[in-house]
Amino acid sequence: MDKIAEITAAWGCHYHVDAAWGGPTLFSNKYKHLLKGIEKADSVTIDAHKQLYVPMGAGLVVFKEPELTREIVQHANYIVREGSKDLGSLTLEGSRAGMAMLVHSGLKIIGRQGYQLLIDMGIEKAAGFAQMIEANHHFELMTQPELNILTYRYVAPEIADRLTAASEAESRLLNEKLNRLNRSLQKAQRERGKSFVSRTILKPDRYGKQEIHVLRAILANPLTTEQILADMLQEQIDIVAGQNLHASLLEYAADR
Ligand SMILES: Cc1ncc(COP(=O)(O)O)c(C=O)c1O
């Protein structure tokens, strides 16, 4: 973020940080250094319905220079007339639910220390989950968590070593098969309804920027235990085996 701040300053651009997920890390004395440079931003998004743990619909933007909100000021003759002190003139929305009360309550009830506990717990649990994935030969950790989000994918143990040693063409082919497998796995797990991970697409350097479909896990629930995480990985292994999702990979391995 320091580097982006330097570039935006050099070009005279507005520097906005989308910290919708990570913003509340600032409440953690232990980990706030991970957001170093955010203090240089002109504006920052924080979603209270993510790591401030309030219900959906409480996104906010904080501005270093509050006057900047004047850029979107709007008036009408029947509402927020010129000179009105109604803050509604400074937003794009009109009437809205009283979500600010939930944010206010969270700050009072959970408070800085409570948020620090939740944030530290999420970051540390994600680090533990990453180690668990790395130690399991059915999976490949795709991104180490910087905060409490990580991505990984299922790889059939039979082809894991082959993938590391593969030529570019072979690696492309194996990754296409793995992409299909991981998409099917994520859907099957969701449909079972016992546990859920989301999925996304990355273009990692490790695979020459090929599109890789990965599972995405967010560790934010303080009630999630190590056992639950271990059971979830086992459930994924069982789904792949039970539905024979790795059939084409096994055939490929057997042919060579
Ligand atoms: C970095 C980031 N920005 C923005 C969003 C959008 O969030 P929402 O539509 O819930 O406000 C997300 C959602 O995950 C996000 O991770």
Side-chain angles (χ1 to χ4, degrees), residues 1-5 7-8 13-28 31-64 68-69 71-72 87-88 90-107 110 115-116 118-127 129-130 141-153 182-183 186-187 189-190 195-204 211-222 224 229 232:
M1 278 185 273
D2 275 332
K3 188 80 205 156
I4 300 174
I7 296 169
T8 50
C13 319
H14 182 97
Y15 176 25
H16 177 75
V17 175
D18 180 353
W21 254 111
T25 308
L26 292 170
F27 282 125
S28 166
Y31 293 110
K32 64 182 176 194
H33 66 275
L34 295 174
L35 301 197
K36 193 173 160 303
I38 198 170
E39 71 285 355
K40 296 178 182 150
D42 296 307
S43 54
V44 177
T45 304
I46 296 180
D47 264 358
H49 56 256
K50 295 190 165 78
Q51 293 214 82
L52 293 183
Y53 292 79
V54 307
M56 283 288 267
L60 49 121
V61 186
V62 286
F63 289 90
K64 184 170 274 170
L68 280 182
T69 53
E71 295 297 322
I72 56 160
L87 286 173
L90 304 176
T91 73
L92 295 172
E93 272 179 279
S95 304
R96 56 176 63 210
M99 296 306 291
M101 187 52 89
L102 295 181
V103 180
H104 176 78
S105 307
L107 292 171
I110 302 175
Y115 282 127
Q116 164 154 318
L118 288 165
I119 297 293
D120 291 358
M121 173 277 305
I123 291 176
E124 284 155 22
K125 214 169 271 185
F129 190 38
L141 184 70
M142 294 303 297
T143 44
Q144 282 286 353
E146 290 180 48
L147 299 173
N148 63 341
I149 302 181
L150 59 79
T151 63
Y152 66 106
R153 66 175 177 168
N182 279 279
R183 280 200 307 272
Q186 193 265 347
K187 286 183 198 163
Q189 185 181 1
R190 185 184 61 204
S195 58
F196 172 78
V197 292
S198 61
R199 70 187 145 97
T200 185
I201 301 174
L202 302 176
K203 291 183 181 172
E211 287 196 346
I212 303 292
H213 294 236
V214 295
L215 307 169
R216 175 172 175 267
I218 297 167
L219 285 299
N221 184 343
T224 302
L229 295 171
M232 201 199 59

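Atoms within each ligand, like the ligands themselves, are counted from 1 in listed order. Heads up: numbering here begins at 1 and tracks the sequence.
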Which of the ligand 1 atoms, numbered from 1, are nearer than 4.0 Å to a heavy atom of D18: 1 (C), 2 (C), 3 (N), 4 (C)

Atom 16 (O) of ligand 1 protein-contacted, heavy-atom criterion under 4.0 angstrom: yes

For K50, atoms of ligand 1 separated by under 4.0 Å from a heavy atom: 5 (C), 6 (C), 7 (O), 8 (P), 10 (O), 11 (O), 12 (C), 13 (C), 14 (O)

Residue that, paired with I38, satisfies side-chain contact (heavy atoms from CB on, under 4.5 Å) out of D2, T25, L26: L26

V17 versus M1, closest heavy-atom pair with distance: CG1-SD, 4.0 Å

Atom indices of ligand 1, in the order listed, that fall short of 4.0 Å to a heavy atom of H49: 8 (P), 10 (O), 11 (O)

Main-chain N/O of Y15 paired to D42 side chain as donor or acceptor, under 3.5 Å: yes

Parallel, tilted or perpendicular: ring planes of F129 versus Y152, cut at 30 and 60 degrees: perpendicular

I218, D47, V17: member with heavy atom nearest to atom 8 (P) of ligand 1: D47

CD/E146: more than 12 non-hydrogen atoms of other groups inside 6.0 Å: no

